[in-house]
Amino acid sequence: MSEPTPLSAVDLTRDERISLLSGQSVWRSQALPERGVPGVLMTDGPHGLRLQTASEDHLGLGESRPATCFPPAVTVASSWNPALAEEIAAAISREAQHFDIGLVLGPGLNIKRHPLCGRNFEYFSEDPMLAGRFAAAMVKGLQDGGTGACVKHYAVNNQESHRFVVDAVLDERTLRELYLAGFEHAVKTAKPWAVMASYNLVSGEGVTVSKRLLTDVLCDEWGFDGVVVSDWGATRSRADGVTAGMDLDMPGAQGLSDGEVARALDAGTLEQRDVTRSAQRVLALAARACTDVGTQAPLPDDVVESHHQLARRAASEGTVLLRNDGTLPLERTARLAVIGAFAEHPRYQGAGSSRVNPTRLTTVLEAAEQAGLDVTYVAAYDPEHPDDDVDVSDAVAAARDADVALVLVGLPEAYESEGFDRAHLGLPRGHDALVEAVAAANPWTVVVLSNGAPVTMPWLDEVAAVLETYLGGQAGAEALIDVVTGAREPGGRLAETFPHAREDVASDPWFPGEPRQVTYREALAVGYRHTTSGGPAPLFPFGFGLGYATLAWGDATLSAETIAAGDAVTVDLDVRNTSERDGRDVVQVYLRDETGAVTSPAKKLVAFAPVEVAAGDTVRVTLSIEPRAFAFYAVESAGWRTPSGRFVVEVARNSHDVVDEHVVMMRSDVRGQAAARVPEPLVAASDEAFARRLGHPIPEARSGTPVHPRVDDRGDRLDGCRARAAGSRRTRHHRPWRWRSERATHGGAQHR
Ligand code: BGC
């Protein structure tokens, strides 16, 4: 599609140019009606639209227009099927076009550095390749439908604790290979219309004033040609932001900070050409985005229905079968005890800015009834009071009388949300006690988990089956019934590692760090990069998931055994369905760098392909390992280098289950040095080792309050009620658009 030519910023007055660089309101960019420039309407969020209705005061989330609530990123990524993400994004784009929304604030693709990050449900993976592929697919789906995507939160925003002020200190190689690689892929391949600059600092520099991140890397290296938008309230200095390449300050401050930009121009501390460049980018966004006044009409019924069915399919594709002794799929005639209040009050999406007001919401009880299942229901716990003791007696009695007990447990909203991190990996105590009691009463106990991130399962060996449904979106209940009855395959594979304990996570000693500094001493040892490199064995490895069908993999063939830098390698294999039901599998390819050029984790994911195979059929799968997969980021030469020597290609069912492996010899002029040096440990735990890896001393944690949102001295947000409770006077920087659940990191919930 050819794009409309925007007005030229040089034809505008200086004040007009400046005015374009901050929002007109909370969700709209500045319009210049007399110049024919419309304001662009933006809304959250990644898994559906949150278009607020009447006011834009954002103290609560109740009032947004009904839109399809698709499963969030954690669930969609578990499908390992970027085409599904693209389909969902196309559907979101269609809804956005209906409401005249020009820019969707997503997808989010931050790396899941630690499973306790409160916002992990909104992110795809611990692996940058998987996250980058999914983000690119979502950008494409949105933008092909005419709606802009704003990939977020760039960059190194991997925790919610102290998110407004924390400085993420990490070495350059880790930054490039782990935390930027997914953004790089999405920007280069899908060309998002916008990138959101995050609240935090990276190695001493606020992201919204970082010329290095916003101009040198994003634009000059990766060729980004869209608009850099600040996260809401993340702008540290208007003038320094514009100089750095932070084009659009959001939300709008009704022009109140335009004077700051004008004064900087007058003083010569800000260049006119930078203002013009940013204004030009905002004009280009306004020219590409749909910009009429949004319609008040609800979504048409056929759209609601077809998107609900897509959400249902997506939820089953993202459901991961973690354990099964053969109890699943259920016999249709089984008498079922459905235990757990989530059956009536589903936990189906995350909390915070991404929350969608769904067009429909089905409960498990309704879905079971629609499917004609014979069900006895016991609520067992109060979903609003997760830490209350649970009386298990009715649940135990119902489980005894049933053929199969389906126990619905997981993380209530008070345990995970944007705005704070989880305090521990456990379920509420009462949920664990419930599973244990039911499993003791009935050996055919199936546990259904609803949660946005890994949890521990102390009862794992006592139950017949475990389904990780994550957060299923508005049709999650129907998807669950589809999966337990076998109408659909549980298609998912974990896009993250489930540890046995938080201490097993390499970053744990430094998570979430101090209020103003978090050191990434684990470097590349995140998730499976750690568990496969001598780290503690996981509860469930990255890539893991079972199915109902049986699929046999043939031997893999590689396109070449000796290659040169810049070459890709193709891997082919047959996947045969030896069972009598249709099945699904995910072929995963990992690469081991044995060249010895640099210390690297044991392996990294370099290719994957989901495959559907009909009963009795064979499907040929072809995967490509791209040239970049063989390279590492060489800090001294500030570039990617491909080392000479031996690589091993692993064809695997998951990061710990290798089915076949092949050696590939790389010829390049970058020599490996294995024999010459003692390999460094992956984790630089001591100050000395970390400083060595950084290449400079560990910076002092800074004090002061560098960002606009009002924060206390721990870096926690003082907003709304909390600000008033703290007796603070409002300032013009105080922007009360927070949602109710944002609160102190170590809030009252999550007791163990
Ligand atoms: C979140 C963003 C979101 C924005 C607008 C911020 O606090 O970090 O992800 O898009 O608010 O709601």
Side-chain angles (χ1 to χ4, degrees), residues 22-23 25-29 40-52 55-61 63-64 67 72-73 92 96 101-110 117-124 135 138 142 147-166 183 192-200 207-208 227-235 248-253 349-357 417-421 452 707-711 715-720 733-743 745:
S22 74
S25 65
V26 177
W27 300 120
R28 203 179 274 279
S29 66
V40 177
L41 180 59
M42 317 171 189
T43 71
D44 289 304
H47 66 278
L49 301 173
R50 183 168 70 98
L51 173 58
Q52 294 213 304
S55 72
E56 289 186 339
D57 67 0
H58 310 282
L59 282 170
L61 278 167
E63 296 304 309
S64 67
I92 294 174
I101 294 165
L103 189 70
V104 169
L105 303 174
L109 69 148
N110 295 88
C117 170
R119 217 172 172 180
N120 275 356
F121 67 86
E122 232 181 299
Y123 300 142
F124 296 111
M138 288 213 70
L142 280 163
T147 313
C150 179
V151 298
K152 67 187 187 185
H153 307 88
Y154 180 74
V156 205
N157 178 186
N158 312 100
Q159 62 189 54
E160 291 300 286
S161 305
H162 329 301
R163 66 172 172 155
F164 302 113
V165 295
V166 77
F183 284 96
W193 293 3
V195 165
M196 186 184 287
S198 58
Y199 292 114
N200 54 292
V207 173
T208 55
V227 178
V228 177
V229 180
S230 72
D231 199 342
W232 266 228
T235 302
L248 180 56
D249 171 46
M250 288 300 288
Q349 66 172 326
S353 62
S354 69
R355 188 206 293 268
V356 175
N357 179 12
S417 166
E418 178 177 346
F420 59 91
D421 294 318
V707 288
H708 285 185
R710 308 201 55 232
V711 290
D716 291 328
R717 187 83 177 231
L718 289 173
D719 262 333
H733 291 316
H734 172 65
R735 295 164 182 174
W737 66 87
R738 290 300 92 192
W739 41 93
R740 283 188 299 263
S741 63
E742 177 128 8
R743 61 198 173 133
T745 301

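Each ligand, and each atom within it, is numbered from 1 in the order the structure gives. Each residue takes its place number in the sequence, starting with 1.
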> Would you say the side chain of Ser354 lies within less than 4.5 Å of the side chain of Phe121, judging by non-hydrogen atoms?
Replying inline: yes
> Asp231 heavy atoms, cut-off 4.0 Å: which ligand 1 atoms fall inside?
Replying inline: 1 (C), 2 (C), 3 (C), 4 (C), 6 (C), 7 (O), 8 (O), 11 (O)
> Counting from 1, what ligand 1 atoms have a heavy atom of Glu418 closer than 4.0 Å?
Replying inline: 1 (C), 6 (C), 7 (O), 8 (O)
> In ligand 1, which numbered atoms sit nearer than 4.0 Å to a non-hydrogen atom of Lys152?
Replying inline: 2 (C), 3 (C), 9 (O), 10 (O)
> Between the side chains of Ser417 and Arg355, does any donor sit under 3.5 Å from an acceptor?
Replying inline: no
> Below 4.0 Å from any atom of ligand 1, is there a heavy atom belonging to Met42?
Replying inline: no
>> Within this structure, what is the CE-CH2 distance for the pair Met250 and Trp27, rounded to the nearest 0.5 Å?
In response: 7.5 Å
> Do Asn357 and Ser64 get their side chains close enough for a donor-acceptor pair, meaning under 3.5 Å?
Replying inline: no
>> Using 0.5 Å steps for rounding, measure from the CG atom of Asp231 to the CG atom of Asp249.
In response: 11.0 Å
> Which atoms of ligand 1 have any heavy atom of Arg50 under 4.0 Å away?
Replying inline: 12 (O)
> For ligand 1, is any non-hydrogen atom under 4.0 Å from Arg355's backbone (N, CA, C, O), its side chain (CB onward), both, or neither?
Replying inline: neither
> If we only count heavy atoms from C-beta on, is the Val151 to Phe183 side-chain gap below 4.5 Å?
Replying inline: yes
> How about His153 and Arg163: does a side-chain donor come under 3.5 Å of a side-chain acceptor?
Replying inline: no
> For ligand 1, which atoms have a heavy atom of His153 less than 4.0 angstrom away?
Replying inline: 2 (C), 8 (O), 9 (O)
> Do Asp421 and Ser161 have a side chain donor and acceptor closer than 3.5 Å?
Replying inline: yes
> Would you say ligand 1 has an N or O under 3.5 Å from any N or O of Glu122?
Replying inline: no
> With a 4.5 Å limit on heavy-atom distance, are the side chains of Cys150 and Val104 in contact?
Replying inline: no
> Should you measure from each heavy atom of Tyr199, which atoms of ligand 1 turn up under 4.0 Å away?
Replying inline: 6 (C), 7 (O), 8 (O)
>> Distance under 4.0 Å to a non-hydrogen atom of Met196: what atoms of ligand 1 satisfy this?
In response: 10 (O)
> Should you measure from each heavy atom of Leu105, which atoms of ligand 1 turn up under 4.0 Å away?
Replying inline: 10 (O)
> Trp27 to ligand 1: N or O pair under 3.5 Å?
Replying inline: no
>> Check for me whether Arg163 has a heavy atom closer than 4.0 Å to any atom of ligand 1.
In response: yes
>> Is there a polar contact, in the sense of an N or O pair closer than 3.5 Å, between Trp232 and ligand 1?
In response: no
> Just going by heavy-atom distances, which of Val26, Val104, Asp44, Val229 is nearest to atom 12 (O) of ligand 1?
Replying inline: Asp44
>> Nearest 0.5 Å, please: how far is CH2 in Trp193 from OG1 in Thr147?
In response: 7.0 Å
